Asks: 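My questions all concern the structure below.
No experiment lies behind these values; they were computed from the predicted model shown. First the proteins, then the strands, lettered A, B, ... as listed; each starts at 1.
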There are 4 protein chains.
Amino acid sequence: MESEFKLREEKPPAEMEGCPMAPDGVRRGRPAAGQDPVKRKQILDGARRVFIDMGFDAASMNDITREAGVSKGTIYVYFANKEELFEAIVEEERGSIFNNLYGALQSGDGLRETLINFGMALSFKITCDKVISAQRTVIGVSERMPDLGKRFYERGPMHGHKIFVDFLEAVAKKGLLEMKDISLAAFQFTDLCMAGLFRQCIFAYRSEPPSEEEIRYVVSAGVDLFLKAYGTEKLRRLMGAESD
Amino acid sequence: MESEFKLREEKPPAEMEGCPMAPDGVRRGRPAAGQDPVKRKQILDGARRVFIDMGFDAASMNDITREAGVSKGTIYVYFANKEELFEAIVEEERGSIFNNLYGALQSGDGLRETLINFGMALSFKITCDKVISAQRTVIGVSERMPDLGKRFYERGPMHGHKIFVDFLEAVAKKGLLEMKDISLAAFQFTDLCMAGLFRQCIFAYRSEPPSEEEIRYVVSAGVDLFLKAYGTEKLRRLMGAESD
Amino acid sequence: MESEFKLREEKPPAEMEGCPMAPDGVRRGRPAAGQDPVKRKQILDGARRVFIDMGFDAASMNDITREAGVSKGTIYVYFANKEELFEAIVEEERGSIFNNLYGALQSGDGLRETLINFGMALSFKITCDKVISAQRTVIGVSERMPDLGKRFYERGPMHGHKIFVDFLEAVAKKGLLEMKDISLAAFQFTDLCMAGLFRQCIFAYRSEPPSEEEIRYVVSAGVDLFLKAYGTEKLRRLMGAESD
Amino acid sequence: MESEFKLREEKPPAEMEGCPMAPDGVRRGRPAAGQDPVKRKQILDGARRVFIDMGFDAASMNDITREAGVSKGTIYVYFANKEELFEAIVEEERGSIFNNLYGALQSGDGLRETLINFGMALSFKITCDKVISAQRTVIGVSERMPDLGKRFYERGPMHGHKIFVDFLEAVAKKGLLEMKDISLAAFQFTDLCMAGLFRQCIFAYRSEPPSEEEIRYVVSAGVDLFLKAYGTEKLRRLMGAESD
DNA sequence: GATGAATGAGGGTTCATTCAT
DNA sequence: TATGAATGAACCCTCATTCAT
């Protein structure tokens, strides 16, 4: 991503002399082959829709061409082949799903409220239609492209897991939680927040994503269970005071 | 091919009723079109390997032909088209995964031991290579064939869920557990038993399935959490006595 | 055809000993392979429907199997291959179309009436749905199987043509008609009787065969033309007397 | 391939309007998908040979590919499927057969000569090898694609029929012919001109098309019959004067 | 640099024919 | 003898990729 902008600032290679360039040194006119970020975005936007709706194999480059509104040849300038384009899409999706998912952990609210907010944000995201489709697409190819799935999980859920582990550690330090295995506790928490929901959505057992109320219900129950199991006496005192 | 004769003497499966059969009850002669269970198994076995390795779209009927060792035309005698063959595979897989998964609930053991045994059986099954591959295959098509995914979940995980709910209800009646929402508690339990594992496996973050020790560790922690949250005073007394 | 009956009377070959045979020497039970006229008829009846409805190429042996109610193998006992079966059908159809078509020429009626009756029988036959379909089927393969088309025409229309020529010759001898080229006159007559109709039907320009009134109208006009051109003074006198 | 450039400078056919075109009116660059008239012609030429030689069903797209010298995919850029390609061929053939067939009616010659010339042109055309093959092809599918056959007849023979009816009407107005039913008379005329020939050719009873002499013989006889039946006294006077 | 027409291998499916039963 | 399951070539059509324009 950065390289796009970096390249703009490099001195143009010799064969580019004669290319239109304004006196301010900013190149106008055509970007180098495969370097126009607008076109790249156009391609990715079209490809995302197609790949996520149909899956990797059922998506055809023609479909993508049509959806993106660019020519076949152009796609192959920006991406070596279907697979690389797909990988770029997956990378992008991962970002758009998991970035900004952990902000809830930084509110200064009480622990229970924070956990509920975080749990809901997580559960909402993971079970919403768009994201379920994207995950299906990734899972669908993970047998043949395990590295792709692995990278998706590593930079997505696993990255978030670490953030959450840090959060729990901080809370533990404050003496509000007591967990023998914080990483495991973190996994337990996230899975409690989606109890039953993730698999129901990913297998299309549910045709609609869970409602906000349902998510709140499941997350609340999960948080309660979590706090009952890992909350310290100190936490209980604090919360008792709070609710008074 | 030789196995044909061996198998021929087995009891014919239920769906063969109505086929020509000699008075002695042993079927003679050639089975009806699409009815030879040996050939059918051959096809299903080949197709299973191919579908589960490659996914529905990437699997070609030629691959299946080759893998099954039958001719292209023969497959179309037994199955109307690729999709029906796929559905048969999914149905079969579902059966082989989820049947006999809930026997652990019927041991007369103590509650904790029973839950651990059940949780381990479940977690083992769901995260083993074969089953992960199968689930990927189903998930991969659930966008375009939601009914297939739905049926898989309904007759697989959801069916098991109900069995487990019945179990929990019985235990609750004995006064050992106290749950406001038994169904939710059941989902929490199963997800706690696979805490983190399912998604790590399904996304190929792990290249190996979890070891028995790891599963035991996760399940034990999950059971403890569950019992701490839902166990009654009576249960605690019983367990205390037990562990003395 | 005759061989069927002949074979019945032959001494059964050695390997037939033990076959059921009544004391009167007439074999009961199974006819020799490919010799049972009932089965043959069954096959031909099924094949006729299929071939005539779909044409040679679009007809599948499976369709015929189903329509005839006999097994694939049996068909190949009676007919070496699809083409031979087709030829048998065409032969049969030819017979059923053109046999008994020339009886009208033997009525003792007056010439005009006889010609009208004959023309109508001809025109009716050639333009009725069943026969149009059959002719399309034959014409459709006449490029690739010219002999088949040739034989159809030769033994069908051409045979009838000769009968009609004989008729016209007899009439000419009676001094009622005077034709320089009787064969040409015969062709002219038959084509006048179907003026426009044949091609309209064969190309499906008409979706319905012509009605009896239409045929009568066309045939009457054709006969009038024909008689005006080839009728002698004697004929005119006779007909004048008749209509008085 | 070289011819491409030669032809490129021809006036583009009507259906090319809207294609990118330089201000000088000469189209530059590559034609749009399915729009290159050279390639289209190449495909049609190949397909025509194959379809007309083998009939619709027996013709394979591979055969056409080979005959046309273009790749399979290319055909499908120009034509949606086999049937549409076939329809295009039939349409083309119809045009090439029936266009310019009625010019003979506009010579200023005497009636008899005009009719003979027209009748011969018609008879020649309809019975020549190429056209017989084409008609067989159309007839062969008219059972399953009646609309195609209907359109062929409507825009071909039926269109010509109307032109001929107009001609006869004009002649009748001049008092040279007297026909109660001009349309029927027109059909009678055309069928007299091919008396016996059309069916003999279409059924492959004749392996060779009729010679010019034969056609002249049949047509002359047909015209004579026609004029004898429908000619007025005035016509006879005119013709008598002419032949003196 | 961008285009999209062209490619031809390979997709799912059907078919005439054979031959073990 | 009659059967119909099995065959595998060939069917129509789609596809990722290339390269002349």
Side-chain angles (χ1 to χ4, degrees), chain A residues 19 29-36 39 57-65 70-78 80-83 85, chain B residues 20 28-36 39 57-65 70-83 85, chain C residues 16 19 29-36 39 57-65 70-83 85, chain D residues 1 4 20 28-36 39 57-65 70-83 85:
Chain A
C19 278
R30 276 186 172 168
Q35 298 301 340
D36 182 344
K39 203 131 231 164
D57 289 296
S60 88
M61 292 301 274
N62 263 337
D63 295 337
I64 292 170
T65 280
V70 302
S71 78
K72 215 100 73 91
T74 301
I75 294 180
Y76 280 88
V77 169
Y78 284 77
N81 51 39
K82 191 185 180 185
E83 204 160 312
L85 172 56
Chain B
R28 303 238 190 281
R30 157 181 291 194
Q35 296 300 336
D36 183 342
K39 205 120 222 165
D57 288 298
S60 87
M61 292 303 272
N62 270 332
D63 295 336
I64 293 170
T65 280
V70 302
S71 78
K72 207 104 75 96
T74 300
I75 294 181
Y76 282 89
V77 171
Y78 284 78
F79 299 94
N81 51 40
K82 192 188 181 184
E83 203 159 314
L85 173 55
Chain C
M16 306 277 310
C19 278
R30 279 188 170 162
Q35 298 302 337
D36 182 345
K39 204 131 230 163
D57 289 296
S60 87
M61 293 300 273
N62 263 337
D63 296 337
I64 293 170
T65 279
V70 301
S71 79
K72 215 98 78 86
T74 301
I75 294 180
Y76 280 88
V77 169
Y78 284 77
F79 300 93
N81 51 38
K82 191 184 180 186
E83 202 159 314
L85 172 55
Chain D
M1 279 306 220
E4 236 175 73
R28 303 241 190 279
R30 153 181 293 193
Q35 296 301 336
D36 182 342
K39 204 119 221 166
D57 288 298
S60 88
M61 292 303 272
N62 270 333
D63 295 337
I64 292 170
T65 279
V70 301
S71 78
K72 205 109 65 99
T74 300
I75 294 181
Y76 283 89
V77 170
Y78 284 77
F79 300 93
N81 50 41
K82 190 185 181 185
E83 204 160 312
L85 173 56

Asks: Under 4.0 Å between any heavy atoms, over every strand shown, what does D:Ala58 touch: base, sugar-phosphate, or nothing? Just pick one.
Replies: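 Nothing: the residue D:Ala58, judged by heavy atoms under 4.0 Å, touches no strand.
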Asks: Counting any heavy atom closer than 4.0 Å, what does D:Ser60 reach on the DNA or RNA strands: base, sugar-phosphate only, or nothing?
Replies: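 Sugar-phosphate: the residue D:Ser60, judged by heavy atoms under 4.0 Å, touches backbone atoms but no base.
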Asks: Please compare B:Ala59 and D:Thr74 by the position of their nearest nucleotide in DNA chain E and report the one closer to 5'.
Replies: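 Looking at the nearest nucleotide for each, D:Thr74 comes out on the 5' side.
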Asks: Within this structure, what is the CE-CD1 distance for the pair C:Met61 and C:Ile75, rounded to the nearest 0.5 Å?
Replies: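 Answer for the CE-CD1 pair, C:Met61 versus C:Ile75, is 5.0 Å.
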Asks: State which of E:dA6, F:dA16, F:dC11 makes the closest approach to the side chain of A:Met61.
Replies: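 Of E:dA6, F:dA16, F:dC11, F:dA16 is nearest to the side chain of A:Met61.
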Asks: Between D:Ile75 (CD1) and F:dT14 (C1'), how many Å, whole number?
Replies: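 Taking CD1 of D:Ile75 and C1' of F:dT14, I get 14 Å after rounding.
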Asks: Rounded at 0.5 Å granularity, tell me how far OG1 in D:Thr65 sits from OH in D:Tyr76.
Replies: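 One finds 8.0 Å between OG1 of D:Thr65 and OH of D:Tyr76.
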Asks: In Watson-Crick or G-U wobble terms, both distances under 3.5 Å, what is the partner of E:dA20?
Replies: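 Pair assignment: E:dA20 / F:dT3.
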Asks: Calculate the interatomic distance between D:Asp57 atom CG and F:dA10 atom P; express it in whole Å.
Replies: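 Rounded to the whole Å, the gap is 18 Å.
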Asks: With respect to the side chain of C:Ser71, which nucleotide from E:dT17, F:dT3, F:dC12 is positioned closest?
Replies: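 Of the options given, the side chain of C:Ser71 lies nearest F:dT3.
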Asks: Under 3.5 Å, is there a donor-acceptor pair between the side chain of A:Tyr78 and the main chain of A:Asp36?
Replies: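 A pair under 3.5 Å: yes.
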Asks: Looking at C:Asp57 and C:Lys82, what are the two nearest heavy atoms and their distance?
Replies: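 For C:Asp57 versus C:Lys82, the nearest heavy atoms are O-NZ, 3.6 Å.
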Asks: Please state how far atom CZ in B:Phe79 lies from atom C1' in F:dA6, giving the value in whole angstrom units.
Replies: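 After rounding, the reported distance stands at 15 Å.
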Asks: Taking pairing as Watson-Crick or G-U wobble with both contacts under 3.5 Å, can you name the mate of E:dG12, or confirm there isn't one?
Replies: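 Result: F:dC11.
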Asks: If I take atom CD1 in residue B:Ile64 and atom C1' in nucleotide F:dG8, what distance separates them, rounded to the nearest angstrom?
Replies: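 Interatomic distance, CD1 of B:Ile64 to C1' of F:dG8: 17 Å.
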Asks: Kindly point out which of F:dA2, F:dT7, F:dC11 is positioned nearest to the side chain of B:Val70?
Replies: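 The answer is F:dT7, which lies nearest to the side chain.
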Asks: Would you mind telling me which of E:dA6, F:dT17, E:dA2 lies closest to the side-chain atoms of A:Lys39?
Replies: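 Nucleotide nearest to A:Lys39's side chain: E:dA2.
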Asks: Counting distance alone, no hydrogens or angles: does the base of F:dT7 have a donor or acceptor under 3.5 Å from a partner atom on the side chain of B:Lys72?
Replies: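 No such pair is found, so the answer is no.
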Asks: Measuring from atom CG of C:Asn62 to atom NZ of C:Lys72, what distance do you get when rounded to the nearest 0.5 angstrom?
Replies: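 Going from the CG atom of C:Asn62 to the NZ atom of C:Lys72 covers 4.0 Å.
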Asks: On DNA chain F, compare the nucleotides closest to B:Gly73 and D:Gly73; which residue's is nearer the 5' end?
Replies: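 Nearest-nucleotide comparison on DNA chain F picks B:Gly73.
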Asks: Look at the side-chain N and O atoms of B:Asn62 and state whether any lies under 4.0 Å from the OP1 or OP2 oxygen of E:dG12.
Replies: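 For B:Asn62, the contact criterion (side-chain N or O under 4.0 Å from OP1 or OP2 of E:dG12) is not met.
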Asks: Atom OH of C:Tyr76 to atom C1' of F:dT7: distance rounded to whole Å?
Replies: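 Whole-Å distance recorded here is 13 Å.
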Asks: From the options E:dT13, E:dT17, F:dC12, select the nucleotide whose nearest atom is closest to the side chain of D:Lys82.
Replies: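 So the nucleotide nearest the side chain must be F:dC12.
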Asks: How many Å lie between CG on B:Asn81 and C1' on E:dG11, as a whole number?
Replies: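 Answer to the nearest Å: 14 Å.
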Asks: With a cut-off of less than 4.0 Å, is there a side-chain N or O of D:Tyr78 near OP1 or OP2 of E:dA6?
Replies: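 Yes, because at least one side-chain N or O of D:Tyr78 sits under 4.0 Å from OP1 or OP2 of E:dA6.
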Asks: Could you check whether A:Ala80 gets within reach of a base, just the sugar-phosphate, or nothing at all, counting any heavy atom under 4.0 Å?
Replies: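 No contact.
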